[in-house]
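Read through the structure below, which is laid out as structure tokens, and then see the notes.
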Amino acid sequence: MISIRSQREIALMRQAGHINYLTHQELKKHIKAGITTGELNDIADKFMRKLGGKPSCLNYEGYPKSICISINDEVVHGIPGNRKLKNGDIVSIDFCVEYKGYQSDATITHIVGSVSKEVEDLVINTEKSLYIGINEVKPGAKVSAIGKAIEDYATKCGLGVVRELVGHGLGTSIHEDPDVPNYYTNMPTVLKEGMVIAIEPMLTLGKRYVYLKDDNWTVATDDGLPAAHFEHTVLVTKDGYEILTGE
Ligand code: MF3
Ligand code: CO
């Protein structure tokens with residue numbers, strides 16, 4: 001079942017999205033070689049709580065931390081700890097914020113210091129593919145148009161599209177219907193005004209294949225090559241979309 005949100009719910013999701021955005025901006029200031037992923041987790045946890053938000057990844061299906069930090073070949077759900085960022089890393093920071101019972105979900109991949117041109121292009125083109133997907137959002141459009149647009153762009157860039165993880169509806173829970181794949185499917189689902197979805201392309205420099213690490217959370221590329229991930233929470237409006245986790 002796909003929920004249609006009332007004006008009241010949309011107002012709360014806007015707040016949840018805004019706290020998410022501000023927390024990402026705060027973290028950006030701290031992305032430097034030498035900081036540990038555990039320190040970044042604690043900064044985000046404190047900051048979102050100060051703004052009235054709750055880190056809804058914490059304890060979600062047993063997840064032990066408030067945010068997910070995935071470095072280089074890690075695609076999603078890296079668990080913060082003692083690992084230090086170093087120059088040349090790419091670092092995906094992904095988290096959900098709850099505000100008065102409503103959720104937001106957003107991801108940014110940061111570059112630490114400098115990286116090769118091909119890794120920089122991976123990050124730039126993954127972000128671009130997110131906006132290309134978002135651009136398909138309007139009432140009457142198929143959910144599958146989003147994945148097709150993202151996949152077409154990724155393929156043109158020579159990048160892999162991870163298929164094991166997909167975008168999703170969200171609202172009172174982090175993960176609701178519909179699934180929002182980043183690749184073409186023949187799913188008939190149509191977007192309607194008032195739906196809220198998270199669009200989140202995960203693109204790889206090498207092959208698209210991934211595996212689950214021994215910690216049972218971290219998903220990484222099979223070939224060890226880097227992956228990038230960008231995500232926004234998006235509301236379907238009367239004539240298109242509104243990004244709830246944006247500026
Ligand atoms: N934003 C991530 C997702 O959609 C994180 C969910 S919470 C976690 O999968 F517990 F899995 F981290
Ligand atoms: Co998500």
Side-chain angles (χ1 to χ4, degrees), residues 2-3 13 16-21 23-24 27 37-38 40-45 48-49 53-71 74-81 83 91-99 101-110 126-127 129-131 133-134 137 143 146-147 150 161-183 195-203 210-221 227-236 241 243-246:
I2 307 177
S3 296
M13 292 192 80
H18 192 55
I19 297 169
N20 194 311
Y21 166 77
T23 306
H24 271 293
L27 282 171
T37 55
L40 290 168
N41 178 83
D42 296 350
I43 290 165
D45 181 284
M48 67 177 89
R49 288 182 198 276
K54 202 180 113 190
S56 36
C57 288
L58 184 62
N59 299 323
Y60 177 80
E61 293 182 4
Y63 186 75
K65 290 286 179 174
S66 300
I67 68 175
C68 302
I69 305 184
S70 310
I71 302 177
E74 297 173 351
V75 183
V76 289
H77 303 164
I79 303 173
R83 186 166 172 183
V91 182
S92 302
I93 301 192
D94 178 5
F95 55 85
C96 301
V97 175
E98 182 182 329
Y99 181 75
Y102 287 85
Q103 301 291 342
S104 62
D105 190 359
T107 307
I108 295 175
T109 299
H110 300 272
T126 304
E127 183 167 29
S129 79
L130 168 61
Y131 288 98
I134 291 174
V137 174
V143 172
I146 298 168
I150 290 170
V161 179
V162 174
R163 300 171 76 105
E164 286 74 7
L165 300 128
V166 295
H168 47 92
L170 70 168
T172 51
S173 318
I174 296 174
H175 294 129
E176 299 185 2
D177 289 339
D179 278 354
V180 183
N182 299 301
Y183 51 90
M195 289 180 180
V196 181
I197 56 174
I199 302 177
E200 50 177 318
M202 289 147 263
L203 305 186
V210 297
Y211 73 101
L212 185 64
K213 289 197 167 181
D214 288 340
D215 63 13
N216 266 310
W217 278 103
T218 311
V219 175
T221 59
H229 181 200
F230 283 85
E231 175 176 27
H232 272 309
T233 299
V234 179
L235 165 71
V236 185
Y241 61 84
I243 299 175
L244 300 182
T245 44

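Basis for what follows: all heavy atoms, side chains included, without hydrogens, waters or symmetry-related copies. Indexing begins at 1, ligand by ligand and atom by atom, following the structure's order.
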With heavy atoms under 4.0 Å as the rule, classify the contact between [X] and ligand 1 as side chain, backbone, both or neither.
X      : answer
Glu61  : neither
Phe95  : neither
Ala198 : neither
Cys57  : both

Measure the distance from [atom] to every protein heavy atom, then report the residue, atom name and distance (to 0.1 Å) of the closest one.
atom                    : value
atom 9 (O) of ligand 1  : His77 NE2, 2.8 Å
atom 11 (F) of ligand 1 : Trp217 CZ3, 3.5 Å
atom 10 (F) of ligand 1 : Tyr63 CB, 3.1 Å

With respect to the Co ion (ligand 2), what is the nearest N, O or S atom of [X]?
X      : value
Asp105 : OD2
Glu200 : OE2
Glu231 : OE2

Go through ligand 1 atom by atom and flag the ones less than 4.0 Å from a non-hydrogen atom of [X].
X      : value
Cys68  : 12 (F)
Cys96  : 1 (N)
Glu200 : 4 (O)
Asp105 : 1 (N), 4 (O)
His175 : 3 (C), 4 (O), 9 (O)

Does [X] reach the main-chain N or O of [Y] with its side chain, forming a donor-acceptor pair under 3.5 Å?
X      : Y      : answer
Thr37  : Gly81  : yes
Asp215 : Trp217 : yes
Asp105 : Thr233 : no
Ser129 : Ile150 : no
Thr109 : His229 : yes
Ser104 : Val97  : yes

With side chain to side chain donor-acceptor pair (under 3.5 Å) as the criterion, how do Gln103 and Ser56 come out once you've worked through the C-alpha distance, each side chain's angles and the decisive distance to 0.1 Å? CA-CA 8 Å; Gln103 301 291 342; Ser56 36; 2.6 Å; yes
Given ring-ring contact (aromatic ring centres under 6.0 Å, His included), test His175 with Tyr60 step by step and report yes or no. CA-CA 11 Å; His175 294 129; Tyr60 177 80; 5.4 Å; yes
Between Gly78 and Thr218 the two heavy atoms that sit nearest each other are CA-OG1, 3.7 Å
Within-shell test, His168 vs ligand 1, heavy atom, strictly < 4.0 Å: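 The answer is yes: ligand 1 sits under 4.0 Å from a heavy atom of His168.
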Could you tell me whether the Co ion (ligand 2) has an N, O or S atom of His168 under 2.8 Å away? yes
Would one find more than 12 heavy atoms of other residues, nucleotides or ligands at under 6.0 Å from atom NE2 of His24? yes
Could you give the distance from CD1 (Ile71) to OG (Ser92), rounded to the nearest 0.5 Å? 9.0 Å
As an exercise, state the distance from CE of Met13 to OG1 of Thr245, rounded to the nearest 0.5 Å.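 If I round to the nearest 0.5 Å, the distance is 10.0 Å.
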Asp94 N/O to ligand 1 N/O under 3.5 Å: yes
Would you say ligand 1 has an N or O under 3.5 Å from any N or O of Tyr60?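 No, there is no polar N/O contact under 3.5 Å.
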